[in-house]
Structures are given as C-alpha cells and as structure tokens.
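Protein chains get the first letters and strands the later ones, always in sequence-line order, with residue 1 at the start of each. Scope of the values below: all heavy atoms of this structure, side chains included, with no hydrogens, waters or symmetry mates.
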Number of protein chains: 2
Amino acid sequence: MRLNSTSQYAIRILSYIARKQDEHILSAHELSEALNIPYKFLTKIMTKLVKAEFVESVRGRDGGFRLKDDPEKISIDDVLNLFNDSIKEEQCLLGIGACDTHCKCAMHDQWMKPKLLIQKLFRESSIKDISKKGSKI
Amino acid sequence: MRLNSTSQYAIRILSYIARKQDEHILSAHELSEALNIPYKFLTKIMTKLVKAEFVESVRGRDGGFRLKDDPEKISIDDVLNLFNDSIKEEQCLLGIGACDTHCKCAMHDQWMKPKLLIQKLFRESSIKDISKKGSKI
DNA sequence: TTTAAATTCTACCTAAAGGTAGTAATTGAT
DNA sequence: ATCAATTACTACCTTTAGGTAGAATTTAAA
C-alpha cells in the first residue's frame, strides 16, 4: 500500500517549484537534477501538470515552469486526483465494489478511522505546507 | 493509494475459509465462485498461501484447502507481507529512500499518525476478526 | 537571421501486475 | 484398474505503470 511513483514525483516537483520559484524560473533540466527524476519522464509529468493548470510553462529559451496559483491553493489531494491515486469515498479496502454503511465489507468499520485521517491529511495539506524549508524533497 | 488486488483476494480467501471450514473443506472451484475470483488466478494465489503455510491443501478427489493454524493467529499484516503490500517502517510516503526522524521528507511528520494507525490496524486485525458473519467477503 | 536553450508532441520500449492455458500428479470411489 | 475430481506446475498472454527517443515548436539573445 503506497502512492504510485508518478504522484510522488508530482508532489515533490510542485513543492520544489514552490520553494524556489521566487529566486528563478525552474527548468525541466534543473527539476530533473535536483529531484533525481529521469528527465524524459519528468517532462511527461510536467505536461500533465500544465494541462491541469497547476503550473504554467514558459516556452523557448530561458523558459521553464512556475506555479499558476498560490501554493496554498493546491492540496495534496488535488495532485493525487490528477493521477487517480487518491482515496475515494466509496473505495473498499478489500476491493468488493461499493462498500458503505448499508453493505459493509469485513474491514469496513476498522478501516474508517485511518481512511478518514488520510483523506483529511491529503485534503488539508497544501503544497505550501510541505514546501517549507528544512526537510528533504 | 490502495492494496493491490492479489492481497485483497488473499485476505478474502482466508476469511472465507475461516468462515466455512467447519462445515466442509473448501475447493478452489467453490472459492472462485463464492468470491468471484478468476479460477486460474485463484489457484495461483492458493499455491502461495500453501507455501507460506497459511493454508494446507488436500490433494486429489474431495480435496481442497483448510487453514493450517487458528484464524486468530494470522494477521492482515502477515498476509500483506507475503505480497509485499504492507507498510514498512522506513517507507517514505514520497518515495525518497530512507525517511526517519533524523532525515525527514516534507510529509514525514504529518504522515506518522495515519501510518501508525494503519500499521496497528493491520497488525491487530486477524483473519478471525474479519471472518465473523454479517459482512460481505 | 541564426543559434541555442528551452517546452511539446508522438511514438515507442520495459517491467510488473494481473490473468489464462494446458498438462502432470494425486487420490477417493467405483 | 479405471475414472473423475481435485491440487500443482510450467509457461504464456494482456494491461498498466514507469520510462525513453527523437523530432517539432517556441523564443531570447547574439
């Protein structure tokens, strides 16, 4: 049970941009080096982030990427949703279709607490929160 | 973020066996039908469960599977570990190698609480617990 | 106007997860 | 002894995630 690596990368990319964009615009080259993400794979992720309007790109020489909005307006959950990696409301831990209070799976009740906590974490953590200096990205 | 379907299947299989094995031994055919798991894929999972000694098999006519031990001795975490799907201690939410109190990733602190809760849930829930009647498997 | 540094687009490759097919081995019942 | 119902084994197929290659496009600067 883990996040898929594309969404891990995306969160780290956005955090890194948030952390550095006041100094200079971030090129794919710099992001790839700094975050240790394969260059070609990173550019692929960037186009998704651009199309989803989390970042905007500046093309051509001296181009790069910057956040389109304030980093506090992007939640972790927003990013995960882009890569179908969030925890959905009806999602059953054991994969038995729709699982709700009327028709519970065997883990339903025990899973509620951690699930709600994770959803809260993902929804309430913004890119700004996790881009604060002092921890690795 | 979800369990992979092989471990979901495995948990449901073990729970179903726990629930029914006092009535009769469970054949792959019955398990496949009852749990709606593709027959051939199920038999593949069963051989792993046999080799890991969670279940023992009876070969030949009138054969099938039964739990090797008491269902309360098998935790969800045991099952997940067999399929590399548990949450490991050092496992970093953002995938940045080893992530501990000395060298934290940007999500480390916030992730601790949900992570510990999940680990506790997986370790303290046994197959017996979730095999109790009244919920779907 | 040419060049170099950048993003974008299209297409492909590789590895892992999920799933299938066929056959061999085992065993209780006839 | 044969048969039918079962698990075990080996090998393959399909889909998805992760990753790569190369050429097209854009743009600031020389």
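Comparing D/dA8, C/dT8, C/dG19 by their nearest atom to the side chain of A/Arg59 picks out C/dT8. The side chain of B/Val50 lies closest to D/dA8 when the candidates are D/dA8, C/dT8, D/dT20. Comparing D/dG18, C/dT7, D/dT6 by their closest approach to the side chain of A/Ser27 singles out C/dT7. Of the candidates D/dG19, C/dT7, D/dC9, D/dC9 carries the atom nearest the B/Lys40 side chain, counting heavy atoms from C-beta on. Here the nucleotide nearest the side chain of B/Pro38, chosen from C/dT8, C/dT20, D/dG19, is C/dT20. Checking D/dG19, D/dA8, C/dG19 against the side-chain heavy atoms of B/Ser5 singles out C/dG19 as nearest.
Grouping the Ile, Leu, Val, Met, Phe, Trp and Tyr side chains by contacts below 4.5 angstrom, directly or via other members, places A/Val58 apart from A/Val50.
Put simply, CD1 on A/Ile45 is 14 Å from P on C/dT7, counting in whole angstrom units. In this structure, CZ of B/Phe41 is placed 16 Å from P of D/dA8, rounded to the nearest angstrom. Straight-line distance from the CD atom of A/Glu56 to the P atom of D/dT26: 18 Å, rounded to whole Å. The CE-P distance, from B/Met46 to D/dC9, rounds to 14 Å in whole Å. When rounded to the nearest whole Å, the span between CG of B/Asn4 and P of D/dT16 equals 16 Å. The distance from atom CG of A/Leu3 to atom P of D/dA17 is 14 Å, rounded to the nearest whole Å. In this entry the distance linking CZ of A/Arg66 with C1' of C/dA6 reads 14 Å, nearest Å. Regarding A/Asn84, its CG atom lies at a distance of 12 Å from the P atom of D/dG18, rounded to whole Å.
Close to D/dG18, at under 4.0 Å from its OP1 or OP2, lies a side-chain N or O of A/Thr6. Regarding contacts with the backbone of C/dA21, every side-chain N or O of B/Tyr39 stays at 4.0 angstrom or more from both OP1 and OP2.
Nearest-nucleotide assignment on DNA chain C puts the 5′-proximal partner with A/Arg61, out of A/Arg61 and A/Ser57.
Shown are B/Asn84, B/Asp77, B/Asp78, B/Asp85; of these, the side chain to side chain donor-acceptor pair (under 3.5 Å) with B/Asn81 is made only by B/Asp77. In summary, of the residues considered (A/Leu67, A/Asp69, A/Leu82), a side chain to side chain contact (heavy atoms under 4.5 Å, CB included) with A/Phe54 occurs for A/Leu82 alone.
Looking at B/Lys128 and B/Ile74, their side chains never come closer than 4.5 Å, going by heavy atoms from C-beta outward.
A salt bridge links A/Asp109 and A/Lys104; the closest N-O separation between the charged side-chain nitrogens and carboxylate oxygens is under 4.0 Å.
If you check every strand for non-hydrogen atoms under 4.0 Å, A/Lys48 touches nothing. As judged by a 4.0 angstrom heavy-atom cut-off over every strand, A/Tyr9 is placed among residues touching the sugar-phosphate backbone only.
The base of D/dG19 is paired with the side chain of A/Lys44 by a donor and an acceptor separated by under 3.5 Å.
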